[in-house]
Amino acid sequence: MNTCFKAEKISENVFWVGAVDWHVRDFHGYKTQRGTTYNAFLIIDDKITLVDTVKKEFASEMLERVASVVPLEKIDYIISNHSEPDHSGSLPEAIAAIKPEKVFASSFGAKTLKPYYGIDAEVVPDGSSVSLGKGNITFVETRMLHWPDSMVSFYDRDGVLFSQDAFGMHLAGSKLWADEYPVDILDYEARKYFCNIINVQSGKVLALLESLPQLDLDIKIVAPDHGPLIRKDFDKVLALYHEVATQAPVPRAVVIYATMWHATEMLARAFADGVRSQGMEVKILDLAVCDRSEVMTEVANSGLVAFGAPTMNNNVFPAMMDVLTYVRGLKPLNKIGFAFGSCGWSGEGAKQISEQINLMKMEQPLPFLQVKYRPSDEEMKRAFDAGFQLAEQLCAKCAK
Amino acid sequence: MKSYICDVCGYVYDPEKGDPDNGIAPGTAFEDIPEDWCCPECGAPKDSFSEA
């Protein structure tokens, strides 16, 4: 085996043996402009244990890193915290090379690994522990965060919490630790990851954060499955998670639009200028160049969300429905919404957006604004006034 | 009244608590929940539930 890939020690008895995916830019529709990592870990104890694996095409990179510490056949256990293929894709290859005594997974994890790969995993119940000899590993289920099978595991000897997708982000790099990256990049990518992956289960996150102290874990290192590891200021990461999961309204607006011949764009700009004239920060996103994960990141970060699109063949312009479907599924809370659009003749677009805003349970204080062809001066003023009024309402809401 | 568990995600419907966010009042037996109700956590249909 080629040995150019080495493991990196993260604590006395634990090594990082993952892979860096520098060039992934589209992660099932999530724009990963900074790439990502798939983190896997090797615990050296009486029972040598591999925690999670990597995406299939990086299997040899992971196995080479493992082999730089210990011959593959010496590994006893494999833990699968989450069976999504970016973490389990290399399991078949790893199992074939390692021939482990046991593969551990949650009850739902075992149910997933079987149809995916034909793997028979041993189920570890929520809260149970397995002795590795000198240290123990404890399993805590985090169902629906973000799959039914999700769990985290804690190695008490070194105080390492293998947190799976929790506290992770898509960020490729040659440094292992979060404290080696610029704070603003970490903050943006952590928020983006949360709102695009976990937002829908914000209530569960808050409950879990509340119950965390009762688990009485002496956490020294948090090792997620994507992005850098955390060895300092974990309390700040917890505070960030608390903030984003609470979804309190923030005095910021975003205008999301699609346009064919610039008429809807004109309304978008007028609305944004109305917001701006209240002194409120506003962003404009054109769906011709902004993807749905960027949209969701801004929606999560805004108390006022305006959606505008043309009508095409008696329906809202398709790119807008894509984004509305995606955002609705992630269940953003505490938003004020507004719908607008231009059409040539029938004009169903703004109405259909407005219906989606209702389904998202956003407040919609103003009726949708539908115009024909190019907006008149009067219609431009209506768009401006809508931005002005709704920004004012949002200010009042945030002050409560 | 019996609790029911979602076979897809493990959510437990407790009839004492109901599912008020989705219009199911506390004290509603699982059998009395409308057929178009679905798991509030994963969206699986009512027939994905079995007795806990």
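For NZ of A:K111, the number of neighbouring non-hydrogen atoms (other residues, nucleotides, ligands) closer than 6.0 Å is greater than 12. Within a 6.0 Å radius of CD in A:E210, other residues, nucleotides and ligands contribute 12 heavy atoms or fewer.
Nearest heavy atoms, A:M144 versus B:E41: CE-O, 3.6 Å. Nearest heavy-atom pair across B:C9 and A:P148 is CA-CB, 3.8 Å.
Using a 4.5 Å cut-off between heavy atoms, A:E141 does not touch chain B at all.
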